[in-house]
There are 2 protein chains.
Amino acid sequence: MARLSTDEAAALVERFRRQLRERRLPVTRQRLAIAEGLCRAEDHPSVEELSRRLRAKGERVGMATVYRTLDALVAAGLAREHDFGDGFKRYEPLSREVAGHEHLRCVRCGRVIEFVNDRLERALRLTADEHGFVYHHHRIEIHGLCRQCRGTDLGGLAARVP
Amino acid sequence: MARLSTDEAAALVERFRRQLRERRLPVTRQRLAIAEGLCRAEDHPSVEELSRRLRAKGERVGMATVYRTLDALVAAGLAREHDFGDGFKRYEPLSREVAGHEHLRCVRCGRVIEFVNDRLERALRLTADEHGFVYHHHRIEIHGLCRQCRGTDLGGLAARVP
DNA sequence: TTACGTGCAAAGGCTTTGCAGTCGG
DNA sequence: CCGACTGCAAAGCCTTTGCACGTAA
C-alpha cells in the first residue's frame with residue numbers, strides 16, 4: 001500500500017535486509033536505497049520515477065540495478081508490481097499489516113487512489129473455484145475521470161476511426 | 001466476447017465497413033480480412049497470432065497494418081484490447097449483443113476463459129462514484145491454475161530472492 | 001579472498017512511425 | 001485523379017542480459 005507509516009517502512013526494509021542475510025547475499029547500499037525509496041513513496045512509482053528520486057537524493061544507482069532489486073522485492077513478497085496500461089510497470093511496497101486493496105485510476109492525469117472491498121475479493125475467489133481454478137491472485141482496476149479532471153474533460157475521448 | 005455467432009461476426013464486420021464508408025475512408029481487403037479474422041476468433045489473439053492466422057489463410061497483411069487496424073477497431077468500439085501480462089496485447093471482438101464479461105486466466109498455460117457477474121460490475125461503478133470519479137471502464141482478472149494444469153503444478157511458484 | 005552485485009552498454013521484444021509505392025472511391 | 005492505406009524497415013520504449021570491475025562478508 002502506498003503511504004506506509006514510518007514504522008511499517010522501516011519494518012519492510014528490515015525484512016528485506018534479513019532475507020538477504022539469511023541467504024548469505026550482500027546487503028548493498030543500492031539495495032537498501034531502493035527498498036527505502038519504494039517504502040517512502042506515497043504513490044506507485046515506475047522504475048524511471050524511483051530512479052529519478054534516488055538520484056535527487058544523491059544516491060547513484062543504475063537503472064539495471066533498480067530493475068533487478070525491484071524484481072527481488074516482488075519475489076520476496078515485499079513489493080507489488082502493477083501495469084496500469086501506461087506502457088511501463090509501477091511498484092508499491094507491500095506491508096504485511098495492510099490489507100489487500102484495489103486501484104482507481106484517472107484516465108486523464110494518471111492519479112491512482114486505493115480502495116478496499118472484501119466482498120469483491122471473496123466473490124473472485126469463489127468464481128475461480130466455480131470454474132475449477134486454483135486461485136492465485138487477481139486484478140481489479142477502475143478507470144475513470146477524477147474529481148480534479150472532470151471539469152476539464154469535454155468529451156474528447158469519443159470513439160473515432162483514424 | 002470470443003466465439004461470436006456467424007451472424008454476430010458478420011454484423012460486426014458490417015458495422016466496421018459502414019463506419020469506414022461514413023467517414024469516406026477506404027474499405028480495403030486488409031481491413032476486412034483483419035476484422036473478419038478477429039471476429040472469427042474463439043480466443044483472445046495477439047497481433048502476432050492474428051497475423052499468423054491470416055497468413056495461413058493466404059491473406060498477405062503486414063504487421064503494421066494489423067496494429068493500425070486493431071487500433072481502429074478498438075477506437076470504433078468494435079474490439080476490446082487486453083493486456084494479461086504476457087508482454088503483448090491481445091484482442092477480442094466486441095459485439096453489442098453480448099454483455100460485458102471478465103476473464104479468468106491460467107498462470108501456467110495462458111488459457112483464458114470468460115465469466116459474467118453483473119453484481120461485480122455494479123459494485124465497481126458505485127465505487128468510482130463514491131470516490132468522485134466519472135466511471136469510464138474497468139478491468140477484472142482472476143489468475144489461477146486451471147483444471148488441466150493443477151495436476152502438473154507442484155508448487156514451483158514459491159517466492160524466492162535471486 | 002571470493003562469490004555476488006553493480007554499472008554500462010548492447011541486445012530483446014513489442015509497438016509505432018516515416019516514407020515510397022499502391023489503391024479505393 | 002487524390003487522398004488515404006499498405007508494407008517494409010527503421011526507430012522507440014521499456015526491460016533484460018553480458019561482461020568487466022567493484023564490494024560485502
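Reminder, nothing fancy here: chain letters follow the sequence lines and each chain counts from 1. Only a predicted model underlies this, so the values are computations on that prediction, with no experimental measurement involved.
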Round to the nearest Å and state the distance from [X] atom [atom1] to [N] atom [atom2].
X	N	atom1	atom2	answer
B:Leu50	C:dT15	CG	P	12 Å
A:Leu25	C:dT6	CG	P	10 Å
A:Ile34	C:dG5	CD1	C1'	11 Å
A:Arg17	D:dA24	CZ	P	13 Å
A:Arg55	C:dG7	CZ	C1'	13 Å
B:Leu20	C:dG24	CG	P	14 Å
A:Leu32	C:dG5	CG	P	13 Å

Partners of [X] by side chain to side chain donor-acceptor pair (under 3.5 Å), sequence neighbours excluded?
X	answer
B:Arg139	A:Glu141, B:Glu141
A:Arg52	A:Glu49
B:Glu102	B:His138

Which distance, rounded to the nearest 0.5 Å, do you find between the CD of A:Glu36 and the CG of A:Leu54?
9.5 Å
Indicate for each nucleotide in nucleotides 7-16 of chain D, in 5' to 3' sequence, whether protein heavy atoms under 4.0 Å reach the base (B), only the sugar-phosphate (S), or nothing (-).
BB-----SBB
Among A:Arg90, A:Arg53, A:Glu92, A:Arg40, find the residue that satisfies the side chain to side chain contact (heavy atoms under 4.5 Å, CB included) test when tested with A:Pro45.
A:Arg53
Is [X] close enough to [N] that one of its side-chain N or O atoms is under 4.0 Å from OP1 or OP2 there?
X	N	value
B:Arg31	D:dC5	yes
A:Thr28	D:dT23	no
B:Ser46	C:dC14	no

Indicate the ring-plane relationship of A:His103 and A:His44, choosing parallel, tilted or perpendicular according to the 30° and 60° boundaries.
perpendicular
Using ring centroids (six-membered ring only for Trp), state whether A:His136 and B:His143 fall under 6.0 Å.
no
Could you check whether B:Phe133 and B:His131 have their ring centres less than 6.0 Å apart?
no
Under the side-chain contact (heavy atoms from CB on, under 4.5 Å) test, residues paired with B:Glu8 that sit two or more places apart:
B:Leu4, B:Ser5, B:Ser95, B:Glu97, B:Val98
Mind grabbing the angle between the end helix axes of the helix from C:dT1-D:dA25 to C:dG25-D:dC1? Five pairs an end, 10° rounding.
30°
